[in-house]
Participant: 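Handing you this structure, nothing more for now.
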There are 2 protein chains.
Amino acid sequence: MRQDGRLARMIHVLVHMGLLGGRETSERIAQMLNTNPVVVRRTMASLRQYGIVESEGGRGGGWSLTRPLAEITILDVQRALQGETILDAPLSNDHPSCPVERAANGKLQRAFESAEQTLEREFEQVTLAEIGEIAMASAQAEKRA
Amino acid sequence: MRQDGRLARMIHVLVHMGLLGGRETSERIAQMLNTNPVVVRRTMASLRQYGIVESEGGRGGGWSLTRPLAEITILDVQRALQGETILDAPLSNDHPSCPVERAANGKLQRAFESAEQTLEREFEQVTLAEIGEIAMASAQAEKRA
DNA sequence: CGATAGCGTAACAAGTAGTGTTACGGTCTA
DNA sequence: TAGACCGTAACACTACTTGTTACGCTATCG
């Protein structure tokens, strides 16, 4: 099951932004992600549409969070990037009128719905603030070592 | 999250084979799936490797089940097609030494593992025989209507 | 008011994965 | 030995994400 890496990348960026507190330009974010400013704008635009970040043009502009990390969950980011559905049940559509195909699709559909609910609950429980804390703690631990 | 349709298609085929009882050629299976015999062989080869079906070459050859539908679960088919992992956590790998990235990946990993376990349990509970029964029942219902 | 630093967006190339198709070789059986 | 099978390589097609270039708009600084 392929997935796109935008979720992980955006979480990464948002946590950095929250920890640093300020405004970041697409250019700097692109460097964090080893990518291109245009890719960043493309993806951040989804987050803006969902109200997680806002952008300002012109000199001194850039991207900033609209609320603290503690009020953003992984689920929020996921929804912003991909909408309601997280997992897509891979159904077949070769003979829509075949009862066997329909029965198989039905079972698959239900199984994926269960998994999706699990994932949703997990995503809902993790705030970006938590991720920031874990990162800070492990950075500390490394420094001591 | 993209998925490939092989799981649903193979379930479809296996149930048909189980209900009809006999041996099927790649040619006939390809017709069931609106596709090409080569595609069928490619995919069936994975099932054979996992011991779900066997093939015989030569005149009168073809594919057949190695055991009854009641002894094949969706999970078996899944494993045969994709191996151990069903869901692939979409992690980022832009700065492997960055503690923020690592913390984000860790949380995502854990969430996906939960979802994978759910899916696994669901897949394990459904046998192909069940799907066959549902299909037969709904075919009956349609005939009465 | 103009230069500069930003974002917004379109357009296109590149990489990836599944699928469809052709071609050819091997094997079994009538 | 011919024909009906599978096995497999090779290649085109499609769809999608990502990467890149190019150009336009906007806000600020000097």
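First the proteins, then the strands, lettered A, B, ... as listed; each starts at 1.
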Participant: By side-chain hydrogen bond (donor to acceptor under 3.5 Å, both in side chains), which residues pair with A/T25, not counting sequence neighbours?
Facilitator: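 Not a single residue meets the side-chain hydrogen bond (donor to acceptor under 3.5 Å, both in side chains) criterion with A/T25.
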Participant: Please enumerate all residues that pass salt bridge (Lys or Arg N to Asp or Glu O under 4.0 Å) together with A/E122, with sequence neighbours excluded.
Facilitator: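 Salt bridge (Lys or Arg N to Asp or Glu O under 4.0 Å) list for A/E122, sorted by chain: empty.
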Participant: Summarise how protein sits on nucleotides 21-30 of chain D as a single string, 5' to 3': B when a protein heavy atom is under 4.0 Å from the base, S for sugar-phosphate-only contact, - for no contact.
Facilitator: BB---BBBS-
Participant: Tell me, please, which residues at least two apart from B/E24 pass salt bridge (Lys or Arg N to Asp or Glu O under 4.0 Å).
Facilitator: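 B/E24 satisfies salt bridge (Lys or Arg N to Asp or Glu O under 4.0 Å) with B/R28 only.
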Participant: Between atom CG in A/L47 and atom P in C/dC7, what is the gap in whole Å?
Facilitator: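 Nearest whole value for this atom pair: 14 Å.
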Participant: Figure out the CZ/C1' separation between A/R48 and C/dC7, and round it to whole Å.
Facilitator: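 Computing the A/R48:CZ to C/dC7:C1' distance gives 8 Å.
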Participant: Mind calculating the distance between CE (B/M44) and P (D/dG7) to the nearest angstrom?
Facilitator: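 The answer, rounded to whole Å, is 10 Å.
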Participant: Just grab all the side chain to side chain donor-acceptor pair (under 3.5 Å) pairs involving residues 33-44 of chain A, residues at least two apart or on different chains.
Facilitator: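 Of all non-adjacent pairs touching residues 33-44 of chain A, those that pass side chain to side chain donor-acceptor pair (under 3.5 Å) are A/S26-A/R41.
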Participant: Can you check whether A/G51's main-chain N or O pairs, donor with acceptor, with A/T66's side chain at less than 3.5 Å?
Facilitator: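 A pair under 3.5 Å: yes.
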Participant: In residues 12-31 of chain B, which residues come under 4.0 Å of DNA chain C by heavy atom?
Facilitator: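 Heavy-atom cutoff 4.0 Å gives no residues at all.
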Participant: What residues, two or more places apart in sequence or in another chain, satisfy side-chain hydrogen bond (donor to acceptor under 3.5 Å, both in side chains) together with B/E56?
Facilitator: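 For B/E56, the residues satisfying side-chain hydrogen bond (donor to acceptor under 3.5 Å, both in side chains) (neighbours in sequence not counted) are B/R23.
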Participant: Nearest whole Å is fine: how far is D/dT18 C1' from B/N93 CG?
Facilitator: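 These atoms are roughly 15 Å apart.
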Participant: Provide, to the nearest angstrom, the distance between the CD atom belonging to B/Q49 and the P atom belonging to D/dC6.
Facilitator: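 In whole Å, D/dC6 P lies 18 Å from B/Q49 CD.
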Participant: Tabulated below should be each protein N or O lying under 3.5 Å from an N or O of nucleotides 11-13 of chain D; please produce it.
Facilitator:
none

Participant: Select one nucleotide: of D/dC6, C/dT21, C/dC7, the one nearest the side-chain heavy atoms of B/W63.
Facilitator: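 Taking heavy atoms from C-beta onward, the closest nucleotide is D/dC6.
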Participant: Expressed in angstrom and rounded to an integer, what is the separation of B/D88 atom CG from C/dA17 atom P?
Facilitator: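 B/D88 atom CG is separated from C/dA17 atom P by 11 Å.
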Participant: Roughly how many Å is it from CD in B/E54 to C1' in C/dC28, rounded to a whole number?
Facilitator: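 For the pair B/E54 CD and C/dC28 C1', the rounded distance is 15 Å.
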Participant: Report the residues that fulfil side-chain hydrogen bond (donor to acceptor under 3.5 Å, both in side chains) with A/T73, sequence neighbours left out, ordered by chain and then residue number.
Facilitator: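 Partners of A/T73 by the side-chain hydrogen bond (donor to acceptor under 3.5 Å, both in side chains) criterion, ordered by chain and then number, come out as A/D76.
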Participant: Would one find a side-chain N or O of B/S55 under 4.0 angstrom from OP1 or OP2 of D/dG7?
Facilitator: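 The answer is yes; a side-chain N or O of B/S55 sits under 4.0 Å from OP1 or OP2.
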Participant: Residues in side chain to side chain contact (heavy atoms under 4.5 Å, CB included) with B/Q125, at least two apart?
Facilitator: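 Checked B/Q125 against side chain to side chain contact (heavy atoms under 4.5 Å, CB included); zero matches.
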Participant: Quick one: salt bridge (Lys or Arg N to Asp or Glu O under 4.0 Å) partners of A/R59, sequence neighbours excluded?
Facilitator: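 None.
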Participant: For residues B/S92 and A/R9, is any side-chain donor paired with an opposing acceptor at under 3.5 Å?
Facilitator: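 Absent: no donor and acceptor within the cut-off.
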Participant: Which nucleotide in the set C/dG20, C/dG18, C/dG8 lies at the smallest distance from any side-chain heavy atom of B/R6?
Facilitator: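 My answer, after comparing the listed nucleotides, is C/dG18.
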Participant: Using the side-chain hydrogen bond (donor to acceptor under 3.5 Å, both in side chains) criterion, which residues pair with B/E116? Sequence neighbours excluded.
Facilitator: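 Residues passing side-chain hydrogen bond (donor to acceptor under 3.5 Å, both in side chains) with B/E116: none at all.
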Participant: Rounded to the nearest Å, what distance is computed from the CG atom of residue A/N34 to the C1' atom of nucleotide D/dT20?
Facilitator: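 Nearest whole value for this atom pair: 16 Å.
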